[in-house]
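Report on one structure; see the data block that follows.
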2 protein chains.
Amino acid sequence: MPTRPASDLTTHLGYWLRFVFNHVSQAFARKVEAQGVTVAEWVLMRQLLDEEALAPSILAARMGMTRGAISRLADRLIAKSLLLRAADPEDGRAQTLALTPTGRALVPGLAALADANDAEFFAHLTSDDRAALFRILRGIVEQRGLASPPVD
Amino acid sequence: MPTRPASDLTTHLGYWLRFVFNHVSQAFARKVEAQGVTVAEWVLMRQLLDEEALAPSILAARMGMTRGAISRLADRLIAKSLLLRAADPEDGRAQTLALTPTGRALVPGLAALADANDAEFFAHLTSDDRAALFRILRGIVEQRGLASPPVD
DNA sequence: CTCCAGTAGTTGACTAGGAAACTATATCGA
DNA sequence: TCGATATAGTTTCCTAGTCAACTACTGGAG
């Protein structure tokens, strides 16, 4: 016996945000996984593309994951020969992560998949709507001072 | 040595969608978890609020999760005495899931948290922007014929 | 110098979900 | 009415995160 109506979830912008985001991200996951790479792996590799090498802790902060997660994620990429881990010559505690040539060669193709995925979901919008969506989302980020886009 | 620029991720609407969504959903997760409930548990309970009882397979479809995940999620809610599982009298294979009175009593408070969370992230927008965001997101859902909002 | 608080990274224990195998029941067709 | 096939739910195994404990190193205060 239903009690009182408890506000309709579908009136929440968060509901629709989740709905759209989940489809966008699952579609992208299928695309990159067809290339043998997970989304998290892609994000890490993309970070390294224009950086030569980065410390795991920097990647953790940028990707919004724990250092532990980055440690294991790096292990998986190393096992696939897409990444190299090396001791930092200047700090005995630190490690550096860098793409292998194979890893680096893989990134542009994955970036193309990211472009294709974005187009798949947003290209049909009018350019006004695309601009509005862009502006509103960025506005939320700025207004609330959000940082470090989490991967999860 | 950075190679070619591989399109900037931040030009992707999917990037900003993820960014905003992750913050919205993590903020909500913190709120409901302070009440001893996970987001998935809340979503399941909310589904049952206006339904009396539902089959696990229906919940799986509505929540975009596998039947296996629903089976375990139900176990957890049952362990918290928020849910009851009963054999369907009309089909020996089927089960029905229903809120306990305790579970039912918990939902409105959680719904209020959902309202508060939505307000926290979207209330500062102009009403035009809120309407535009709503219209654009729903448009994407409809234009692409998306269904069953996945929880993950 | 030496010690000690702080930092970098890894690891173990745990959680939550997916895929697929499995059990039990239902339904359809000959 | 019996057997084949389909369906509902559970369970096993796996993946990928978190949190917190741990190891090793650094760098400053005395």
Side-chain angles (χ1 to χ4, degrees), chain A residues 18 22-23 25-30 32-34 36-45 53-80 82-98 148-152, chain B residues 18 22 25-26 28-30 32-33 36-45 53-80 83-98 148-152:
Chain A
R18 182 185 81 183
N22 282 337
H23 278 94
S25 84
Q26 286 185 12
F28 182 55
R30 278 194 298 276
V32 294
E33 279 159 25
V37 169
T38 68
V39 173
E41 288 169 359
W42 143 252
V43 173
L44 191 156
M45 292 174 72
L54 283 175
S57 50
I58 302 292
L59 285 163
R62 289 204 189 162
M63 295 174 62
M65 292 170 65
T66 62
R67 289 171 303 155
I70 295 295
S71 185
R72 286 176 241 255
L73 183 49
D75 287 345
R76 296 194 291 273
L77 283 164
I78 291 164
K80 293 181 184 176
L82 300 174
L83 192 70
L84 284 175
R85 177 152 36 201
D88 182 326
E90 297 179 359
D91 184 336
R93 299 166 297 183
Q95 301 285 314
T96 64
L97 297 174
S148 69
V151 157
D152 64 65
Chain B
R18 184 186 77 183
N22 282 338
S25 85
Q26 286 184 12
F28 182 55
R30 279 194 299 275
V32 295
E33 279 159 25
V37 168
T38 68
V39 173
E41 287 167 1
W42 142 252
V43 173
L44 192 156
M45 293 174 70
L54 283 176
S57 51
I58 302 292
L59 286 163
R62 289 203 189 164
M63 295 175 62
M65 292 171 65
T66 62
R67 289 170 303 156
I70 296 295
S71 185
R72 286 179 291 248
L73 183 50
D75 288 344
R76 296 195 290 273
L77 283 164
I78 290 164
K80 293 181 184 177
L83 193 70
L84 284 174
R85 179 155 30 204
D88 182 326
E90 297 180 359
D91 185 337
R93 298 166 298 183
Q95 301 285 314
T96 65
L97 297 174
S148 69
V151 157
D152 62 64

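Letters A, B, ... mirror the listed sequences (proteins, then strands); counts begin at 1. Because the structure is a prediction, the values reported are computed rather than measured.
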- If you pin A/Ala69 and B/Thr38 to their nearest nucleotides in DNA chain C, which one's is more 5'?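 Its nearest nucleotide being more 5', the pick is A/Ala69.
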Rounded to whole Å, please give me the gap between [atom1] in [X] and [atom2] in [N].
X	N	atom1	atom2	value
A/Leu77	D/dT15	CG	C1'	15 Å
B/Asp88	D/dT10	CG	C1'	17 Å
B/Leu73	D/dT11	CG	P	15 Å
B/Leu44	C/dA16	CG	P	14 Å
A/Asn22	C/dG18	CG	P	11 Å
B/Lys80	C/dT15	NZ	C1'	12 Å
B/Gln26	D/dG17	CD	C1'	12 Å

- Between A/Glu41 and A/Glu90, which has a closest nucleotide on DNA chain D that is more 5'?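 Its nucleotide being nearer the 5' end, the pick is A/Glu41.
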Could you run down the sub-3.5 Å N/O contacts of the protein with nucleotides 8-10 of chain C?
from, atom 1, to, atom 2, distance (Å)
C/dG9, OP1, A/Gln95, N, 3.2
C/dG9, OP1, A/Gln95, O, 3.2
C/dG9, OP2, A/Ser57, N, 3.0
C/dG9, OP2, A/Ser57, OG, 2.6
C/dG9, N7, A/Arg67, NH1, 2.5
C/dT10, OP1, A/Arg85, NH1, 2.8
C/dT10, OP2, A/Ser71, OG, 2.8
C/dT10, OP2, A/Arg85, NH1, 3.3
C/dT10, O5', A/Ser71, OG, 3.3

Partners of [X] by side chain to side chain contact (heavy atoms under 4.5 Å, CB included), sequence neighbours excluded?
X	value
B/Ser57	B/Ala55, B/Arg67
B/Leu84	B/Thr100
B/Thr38	B/Glu33, B/Ala40, B/Glu41
A/Ala86	A/Thr96

- Flag side-chain contact, heavy atom, 4.5 Å: B/Ile78 against B/Leu83: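 Yes, at least one pair of side-chain atoms sits under 4.5 Å.
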- Please, which pairs that meet side-chain hydrogen bond (donor to acceptor under 3.5 Å, both in side chains) have at least one residue in residues 83-94 of chain B, sequence neighbours excluded?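 Listed once each, the pairs are B/Asp75-B/Arg85, B/Asp91-B/Arg93.
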